[in-house]
Amino acid sequence: FGKVKHARPMLSLNNGFHKDDIIDFVTRVRKFLSLSDETDAEFVAEPKIDGLSLNLRYEQGQLVQAATRGDGNEGEDVTANIKRVNAIPKTLTGMPPNILEVRGELYMNRNDFLALNNQQQDQGRRLFANPRNAAAGSLRQKNVDITAERNLQFFAYSLGETSAEIVPTHWELLAALRGFGFTVNDLSTKTQTIDGLLASYNAIGRTRPDLPFDIDGVVYKIDRHDFQARLGQLARAPRWALAHKFPAEQAETTVSAIDIQVGRTGALTPVARLHPISVGGVIVSNATLHNEDEIERKDIRIG
């Protein structure tokens, strides 16, 4: 795959894990913008899809280039493969600007992931660890027919380079992206308060087990684009957005056997063979038993 230099960097996001992190984020934003207590600052909360970030470039409404995020400044040219993904429009509807770069997340639904792994197993091929890896592996195929078969999906959520401003707010942008023919996540909400952001986080978190796709948090973005511009960015992340990550998932399963693994230096490590279980989108079937204190604390035994 050839290399593509992004016209605008594809930044990563700073993470928050606790309520205090969210309070600090909103406080910093308001202070940086010098907003008074009487001035509202609206935020959009949207699910953080656990997939592969893409930049799609359209000229005169036609898809001309697709690139992965890569290191944020330079990604891989996957145009030929993306043109075989039905979920991504090749010709935009409505009245888009002459140059429009749309960014979003390429992902695979859980049912399609399980069906793919069953197929891989039947053919004696390597299994994918989770839907994210399956989506990435399905995209990076030299044979574009394989990409076309994999039923990949795409959520649009932001812009790269544009030749003209479309709308003044992120909330309106989501509606505009729908009008251009993209799928936008319907769980996104808009609020003015920290309590509202946390309520969105909790509501989206409750839906997480039942969603057809994997999410690993909720992204908060200040709504007004002029505020985003004023806030700018740090070295690798914007000041105007934060990813509120979900806690690590836990699951319970059964130890079916314990084997001894011989390392390169001759070190012996017991390995528990587990009844396979999905945790955080990964099928876990083995666990090293290298911590004697934890083995005793959890009373780990066969069965």
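FYI, side chains are in, hydrogens and waters are out, and symmetry mates aren't considered; it's all heavy atoms of this structure. None of these values were measured; they are calculated from a predicted model. For this chain, numbers begin at 1 and follow the sequence in order.
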Original post:
Are any non-hydrogen side-chain atoms of F246 and I204 less than 4.5 angstrom apart?
Top reply: yes
Subject >> Aromatic plane relationship, H244 with Y201 - under 30° parallel, 30 to 60° tilted, over 60° perpendicular >> reply: parallel
Subject >> Spacing of CD1 belonging to I88 relative to CD belonging to Q153, to within rounding of 0.5 Å >> reply: 9.5 Å
Original post:
Honestly curious: do I23 and V218 fall in one hydrophobic cluster under the side-chain, below-4.5 Å linking rule?
Top reply: yes
Subject >> Residues T68, F1; criterion side-chain contact (heavy atoms from CB on, under 4.5 Å); working and verdict >> reply: CA-CA 10 Å; T68 62; F1 295 91; over 6 Å; no
Subject >> S256 OG to I302 CD1 distance, which is reported to the nearest 0.5 Å >> reply: 8.0 Å
Original post:
How would you list, by chain and number, every residue that makes a side-chain hydrogen bond (donor to acceptor under 3.5 Å, both in side chains) with D226, sequence neighbours excluded?
Top reply: R224
Original post:
Just checking, any donor-acceptor pair under 3.5 angstrom between side chains of E46 and H170?
Top reply: yes
Subject >> Interatomic distance, F32 atom CZ to W240 atom CH2 [nearest 0.5 angstrom] >> reply: 14.0 Å
Subject >> Check: K5 main-chain N/O paired with E74 side-chain donor or acceptor under 3.5 Å >> reply: no
Subject >> A66 to T79 - nearest heavy-atom pair and separation >> reply: N-OG1, 3.0 Å
Subject >> Heavy-atom side-chain contact between L187 and L211 under 4.5 Å >> reply: yes
Subject >> Main-chain N/O of D223 paired with T169 side-chain donor or acceptor, under 3.5 Å >> reply: no
Original post:
Going hydrophobic residue to hydrophobic residue with side-chain gaps under 4.5 angstrom, can you get from I277 over to I258?
Top reply: yes
Subject >> Minimal non-hydrogen separation, L52 against A136, with atom names >> reply: CD2-CA, 4.1 Å
Subject >> Linked, directly or transitively: V219 and V184 (ILVMFWY side chains, under 4.5 Å) >> reply: no
**OP:** Find out if a path of hydrophobic residues (ILVMFWY) with successive side-chain heavy-atom gaps under 4.5 Å connects F155 to L174.
**Re:** no
Original post:
Got a sec, which residues hit side-chain hydrogen bond (donor to acceptor under 3.5 Å, both in side chains) with S163, two or more places apart in sequence or on another chain?
Top reply: none
Subject >> I82: which of V144, L54, L152, D77 passes side chain to side chain contact (heavy atoms under 4.5 Å, CB included) >> reply: L54
Subject >> Nearest-0.5 Å distance, CG of residue L159 to NE2 of residue H225 >> reply: 6.5 Å
Subject >> Student check: side-chain heavy atoms of P238 and L13 closer than 4.5 Å >> reply: yes
Original post:
Is the shortest heavy-atom distance from the side chain of Q228 to the side chain of I222 under 4.5 Å?
Top reply: yes
Original post:
Looking at side-chain heavy atoms only, is the closest gap between V85 and F154 below 4.5 Å?
Top reply: no
Original post:
Under 3.5 Å, is there a donor-acceptor pair between the T189 and S200 side chains?
Top reply: yes
Subject >> Electrostatic pair E101:R57 at N-O distance under 4.0 angstrom >> reply: yes
**OP:** Say whether, by atom type as modelled, one donor and one acceptor occur between the side chain of R150 and the main chain of L116 under 3.5 angstrom.
**Re:** no
Subject >> Side chain D122, main chain Q119, donor-acceptor under 3.5 Å >> reply: no
**OP:** Apply the test side-chain contact (heavy atoms from CB on, under 4.5 Å) to residues F128 and F113: give CA-CA distance (whole Å), side-chain angles for both, the deciding distance (0.1 Å), then the verdict.
**Re:** CA-CA 8 Å; F128 292 102; F113 163 68; 3.9 Å; yes
Subject >> Interatomic spacing from NZ in K90 to OH in Y58 - rounded to 0.5 Å >> reply: 7.0 Å
**OP:** Determine the minimum heavy-atom distance between I166 and A176, stating which atoms define it.
**Re:** CG2-CB, 4.0 Å
Original post:
For R273, which residues count as a side-chain hydrogen bond (donor to acceptor under 3.5 Å, both in side chains) partner, sequence neighbours excluded?
Top reply: D259, N286
Subject >> Flag, side chain of R84 to backbone of T147, donor-acceptor distance under 3.5 Å >> reply: no
Subject >> Sequence neighbours excluded - side chain to side chain donor-acceptor pair (under 3.5 Å) pairs with any residue from residues 102-118 >> reply: S53-E105, N55-R103, E105-Y157, R110-D214, D112-N151
Original post:
Hey, mind stepping through I194 and F25 against side-chain contact (heavy atoms from CB on, under 4.5 Å) and telling me if it holds?
Top reply: CA-CA 10 Å; I194 293 170; F25 165 66; over 6 Å; no
**OP:** Just do the side-chain contact (heavy atoms from CB on, under 4.5 Å) check on F180 and V102 with the steps written out, would you?
**Re:** CA-CA 10 Å; F180 295 150; V102 175; 5.6 Å; no
Subject >> Minimum-distance pair of heavy atoms, taken over all atoms of G16 and L242 >> reply: N-CD1, 3.9 Å
Original post:
Using a side-chain heavy atom cutoff under 4.5 Å and only I, L, V, M, F, W and Y, what cluster partners does V262 have?
Top reply: I260, L268
Original post:
Does atom CD of Q123 have more than 12 heavy-atom neighbours from other groups under 6.0 Å away?
Top reply: yes
Subject >> Connected via hydrophobic side-chain network under 4.5 Å: L33 and Y220 >> reply: yes
Original post:
Any side-chain heavy atom of V26 sitting closer than 4.5 Å to one from V29?
Top reply: no
Subject >> Any F213 side-chain heavy atom under 4.5 Å of N185 side chain >> reply: yes
Original post:
In terms of side-chain geometry, is the basic nitrogen of K3 or D71 positioned less than 4.0 Å from the acidic oxygen of its partner?
Top reply: no
Original post:
Which pairs count as side chain to side chain donor-acceptor pair (under 3.5 Å) when at least one residue sits in residues 294-303, sequence neighbours excluded?
Top reply: E294-R297, E294-K298, D299-R301
Subject >> Exam field: side chain S12 to backbone R236, donor-acceptor pair closer than 3.5 Å >> reply: yes
Original post:
So how far is it from I99 CD1 to E59 CD, rounded to the nearest 0.5 Å?
Top reply: 5.5 Å
Subject >> Distance-only donor-acceptor check, side chains T193 and D195, under 3.5 Å >> reply: no
**OP:** Let me know which of K48, R208, R132 forms a salt bridge (charged side-chain N to carboxylate O under 4.0 Å, His left out) with D216.
**Re:** K48
Subject >> Nearest heavy atoms of L231 and R239, plus distance in Å >> reply: O-NH1, 2.7 Å
**OP:** Work out which heavy atom in I215 is nearest to a heavy atom in P47; give both atom names and the distance.
**Re:** CG2-CB, 4.1 Å
